[in-house]
Structure formats: structure tokens, C-alpha cells
Amino acid sequence: MTVQEFHFCNWRNLQETRLIPDPEMNVFYGDNAQGKTNLLEALWMCSGAKSFRGAKENELIGFHQKSAKLTMDFISHGREQRLEYKFGEKKEILLNGVEKKSASELFGTVFAVVFAPNHLGLVKDGPAVRRQFMDFALARLKPTFQNLEEQYNRALDQRNALLRELYHAPGMEGLLDLWEDALARLGSTYARQRQKYVEKLTPFASRFYYELSGQKEELGLTYDGAEFSSDCGGYEKLIEQLKESRATDKKLGYTTVGPHRHDLDITINGISARTFGSQGQQRSAALSLKMAEAEVLSEYFDEKPIILLDDVMSELDSSRQDYLLNKFSGRQIFITCCDPASVLRLKQGKCFYIEQGELCEKTVEA
Ligand code: ATP
Ligand code: MG
């Protein structure tokens with residue numbers, strides 16, 4: 001999709017403006033605390049998602065104001081469309097003049113992928129963040145996935161509760177078979193879906209990383225639960241694993257095996273990016289995952305999401321910055337940075353200086 005015009009009113013510290021972005025590259029730069037992330041957040045909220053920095057909706061409205069309004073004119077699925085989104089006591093969402101009951105209905109028509117500084121956790125943090133990344137992406141692609149995830153978590157809660165009860169009532173051990181059967185059945189389908197997603201993601205992420213690193217480094221992605229996928233005997237393997245871990249699980253009072261413990265291993269030139277990657281490599285790897293997420297979405301919806309990159313330039317060397325700013329075409333990107341020197345690398349597109357919430361377009365010198 002392409003944003004043609006974006007109007008925001010009473011949005012955080014941003015002054016009311018009509019932004020006419022470039023159809024491909026848009027750079028927003030300025031000092032800290034001027035409103036760069038606020039602007040990306042406004043674009044992101046139009047995709048019907050929750051704030052990527054965990055803000056409540058009333059925090060998005062400018063101080064001392066009662067409501068905020070975003071209006072976006074855009075092209076999606078080959079036609080010109082308009083979204084009007086009002087935040088306040090009464091939320092109102094109009095897509096092409098038709099009222100939407102829930103913001104989640106917007107996804108697929110208006111959609112975006114965001115990379116914010118906390119997404120570095122995709123590489124640096126523990127496995128829970130990467131599981132969440134795979135599961136969030138799957139939930140956007142497959143409406144039935146959320147149901148599967150909920151059923152699996154319910155079965156897991158039941159087994160965990162029973163493991164703790166066995167201490168007082170050892171005679172109930174037979175009931176574990178029931179929950180282990182459910183966990184293995186749901187878990188093997190869960191693992192299959194994640195494995196399939198990682199298979200789709202990998203070629204895009206590897207290609208992006210290879211180009212970003214000046215064709216010097218290779219990124220690898222491996223879902224470590226692949227062997228438990230239902231299409232390679234995952235049910236039997238999970239049952240066996242659950243039985244084997246029973247003694248340990250009974251002592252601990254929770255289930256130590258299954259998709260809720262799996263991980264997505266990320267390597268650079270064959271070694272763990274989490275353990276050995278430099279800051280720039282980790283940032284590049286996290287960014288590659290996000291860019292690949294956008295490609296998978298594009299294939300699925302037959303429409304390209306807009307890409308929002310918040311503060312992505314820091315820690316990237318000049319050639320990586322240059323690649324990011326100048327080697328993309330055919331999709332719309334909004335990128336923020338603090339350092340004006342990074343902006344000088346931009347060869348084509350638009351750049352905007354932000355100061356105290358006021359946007360000012362600057363000329364890009366080729
Ligand atoms: P940095 O480079 O440090 O990331 P930034 O330009 O991305 O800075 P933003 O996160 O966009 O900065 O925030 C800019 C300012 O917006 C903050 O100083 C904050 O006080 C202000 N702000 C946040 N919410 C509101 C609101 N609801 N109303 C008015 N101002 C707000
Ligand atoms: Mg910011």
C-alpha cells in the first residue's frame with residue numbers, strides 16, 4: 001500500500017499537519033523528544049494494531065485535548081481509499097465512509113510492519129520474544145492460529161495444575177495421560193505452523209541480511225521445534241518427551257517440554273547471533289527478520305505493507321545505512337533518525353526535519 005496523504009490532529013506532541021509522503025522513501029530526523037516516534041506510531045495505529053510501545057489509547061491524545069484524529073488517504077489493492085480514525089471517549093473508525101466496529105478489521109487493507117528499538121530483543125533476549133514474534137505473525141496470517149494457541153495453552157495450564165495437585169493426590173496421575181495426549185496433538189500442529197512460517201521467512205531474511213552486510217555475511221534461521229511438527233511424527237515424539245519429563249515436571253510443578261519452550265535460532269556465518277553477534281550484527285539480524293515479515297505478508301495479502309523503521313540507523317556502519325536508504329524500491333518506507341549525517345546519504349525520496357512536533361520538509365540533494 002502507499003500512503004498519499006496523512007493528516008493528524010491532536011496526536012501526542014505533533015502539531016496539526018498534512019503530510020504528503022514520497023511513495024517510496026521518507027526520512028524523519030531531529031533531536032531527541034521532538035516527535036519522530038510519535039509520527040511512526042500514528043501511522044502504525046492506522047493498521048488497527050495496538051501501540052508498538054505499549055501506550056494506552058488515551059495517552060496518544062495530545063495533552064489537554066479531548067480527542068485525536070488521524071486521516072489517511074492511501075492506495076491499497078489497486079484503489080484509492082480513505083481511513084478516518086478518531087481516538088477519544090468514543091472511538092470512531094471509518095474506512096471509505098463505512099464504520100468499522102473494531103480496529104482489527106482494518107488489517108489487510110491498511111497494514112504495516114514496524115521495527116522499533118525494543119525489537120532488538122528479537123536477537124538479544126530470551127526465546128519467549130522469538131516465540132512471540134512467530135506467533136504474532138502467524139495470528140495475522142491465519143485467523144485459526146489464535147484458536148490453536150489458546151487451546152494449547154489451556155491444555156498446558158491443566159497439565160501444570162495437575163502436576164502440582166499430584167503432590168497431595170498421587171492417585172490422580174492417570175489423568176496426566178489425557179492432557180499429554182491433548183498437548184502432543186495440539187503441540188505438533190503448533191510446531192508445524194511455526195516451522196512452515198520459518199521456512200517462508202528464511203529466504204527473505206537471508207537475502208536481506210546478505211545485501212545489508214555488503215554480501216559478506218550469511219544469516220541462518222532454524223526453528224528448533226521442527227522435529228515435533230505433525231508432518232514428521234511430531235505427535236509420537238511429543239508424547240514420548242512428555243512421558244520422559246514427567247518425573248522432573250512433577251518436582252518442578254510445570255511442563256518443561258513442548259512448543260512453549262521452543263526457540264528460533266538465529267546465526268550469522270554459522271554462529272549464534274545472540275551469544276556472539278556484535279551490536280550492528282544483532283541490529284541487522286533483527287531488521288532482517290522484520291523485513292522478511294513484511295515480504296511474507298506481501299505474498300499472503302498480495303499487497304505490500306508500509307515499513308516503519310524507528311531509530312534504526314544507530315550502530316549501523318555507513319555502507320549498511322546507505323543500503324537501507326537507497327537500495328529499496330517498490331515499497332513505501334518511513335524511517336526516523338537523530339543524526340543529520342545519515343540523512344545526507346539519502347539520494348532519492350523525501351526528508352523531514354521535526355522540531356517540537358513541527359514537521360518541515362527539506363530538500364534532498366542528489
Ligand atoms: P527520540 O529520538 O528520543 O526517540 P522522538 O523524536 O522519537 O525522540 P517521541 O517519542 O516521538 O520523541 O516523543 C516526543 C515528545 O512527545 C516527548 O517529549 C513527550 O513528552 C511528548 N508526548 C508524549 N505523549 C504526549 C501527549 N499525549 N501529548 C503531548 N506530548 C506528548
Ligand atoms: Mg523515538
Side-chain angles (χ1 to χ4, degrees), residues 3 6-19 21-22 25-47 49-72 85-93 103 112-124 279-280 282-284 286-287 290-291 306-316 320-321 324-325 332-346 349-362:
V3 179
F6 189 44
H7 178 251
F8 35 85
C9 177
N10 296 340
W11 186 266
R12 291 211 191 243
N13 78 326
L14 295 180
Q15 297 186 21
E16 185 172 352
T17 312
R18 204 170 285 281
L19 167 72
D22 183 79
M25 181 54 80
N26 297 278
V27 179
F28 300 89
Y29 71 105
D31 291 342
N32 293 137
Q34 301 305 310
K36 303 179 298 293
T37 304
N38 293 346
L39 175 64
L40 291 197
E41 192 181 34
L43 287 159
W44 171 251
M45 295 301 289
C46 288
S47 72
K50 293 197 162 55
S51 160
F52 56 76
R53 44 183 172 179
K56 296 193 193 94
E57 289 199 355
N58 59 3
E59 293 164 5
L60 307 169
I61 301 168
F63 297 148
H64 318 299
Q65 306 293 335
K66 285 198 167 65
S67 64
K69 190 172 175 189
L70 303 173
T71 308
M72 183 189 272
Y85 200 153
K86 192 171 160 204
F87 296 78
E89 241 171 68
K90 192 175 173 297
K91 193 151 111 172
E92 278 173 24
I93 308 170
V113 165
V114 65
F115 176 88
N118 61 345
H119 287 123
L120 270 178
L122 275 174
V123 180
K124 285 163 94 146
Q279 302 207 105
Q282 291 183 338
R283 185 171 286 259
S284 304
L287 186 59
K290 283 281 157 184
M291 295 304 254
I306 54 168
I307 294 178
L308 312 171
L309 305 175
D310 192 20
D311 206 6
V312 77
M313 300 291 206
S314 44
E315 294 164 357
L316 294 186
R320 287 182 198 222
Q321 289 190 10
L324 213 52
L325 288 170
Q332 197 175 31
I333 301 187
F334 297 83
I335 186 162
T336 70
C337 62
C338 289
D339 185 5
S342 305
V343 182
L344 296 175
R345 292 183 215 291
L346 183 69
K350 285 191 178 181
C351 80
F352 302 86
Y353 178 63
I354 303 194
E355 193 175 11
Q356 290 185 18
E358 191 177 358
L359 256 77
C360 174
E361 189 174 342
K362 301 275 176 188

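Each ligand, and each atom within it, is numbered from 1 in the order the structure gives.
Considering backbone and side-chain atoms alike, G35 places an N or O below 3.5 Å from some N or O of ligand 1. Residue F63 has at least one N or O atom closer than 3.5 Å to an N or O atom of ligand 1. Of the polar atoms of G62, none of the N or O atoms is found under 3.5 Å from an N or O of ligand 1, judged by distance alone.
Ligand-side atoms of ligand 1 in range of Q34: 5 (P), 6 (O), 12 (O), 14 (C), range being under 4.0 angstrom from any heavy atom. Atom numbering of ligand 1 starts at 1 in the shown order; those under 4.0 Å from a heavy atom of N38 are 9 (P), 10 (O), 11 (O), 13 (O), 14 (C), 15 (C), 16 (O). Near C338, meaning under 4.0 Å from any of its heavy atoms, are these atoms of ligand 1: 2 (O).
Closest to atom 21 (C) of ligand 1 among all protein heavy atoms lies N13 CB, 4.0 Å. Residue, atom and distance of the protein heavy atom nearest to atom 10 (O) of ligand 1 are R53 NH1, 3.0 Å.
Within the set N58, N32, L60, T336, the minimum heavy-atom distance to atom 3 (O) of ligand 1 is found for N32.
Within the 4.0 Å heavy-atom criterion, neither part of E41 lies near ligand 1.
Between S51 and M45 there is a side-chain heavy-atom pair separated by less than 4.5 Å. Residues K290 and L122 are in side-chain contact: their nearest non-hydrogen atoms beyond the backbone lie under 4.5 Å apart. Between F8 and N38, the closest side-chain pair of non-hydrogen atoms is not below 4.5 Å.
For atom 23 (C) of ligand 1, the nearest protein heavy atom is under 4.0 Å away.
Taking a 4.0 Å cut-off on heavy atoms, I61 registers as neighbouring ligand 1. Not a single heavy atom of H64 sits closer than 4.0 Å to an atom of ligand 1. Residue contact annotation: G30 has no non-hydrogen atom under 4.0 Å from ligand 1.
Inclusion of N32 in the first shell of the Mg ion (ligand 2) is not supported: no N, O or S atom falls under 2.8 Å.
Under the side-chain contact (heavy atoms from CB on, under 4.5 Å) test applied with L19, the options L43, N26, L359 reduce to a single match, L359.
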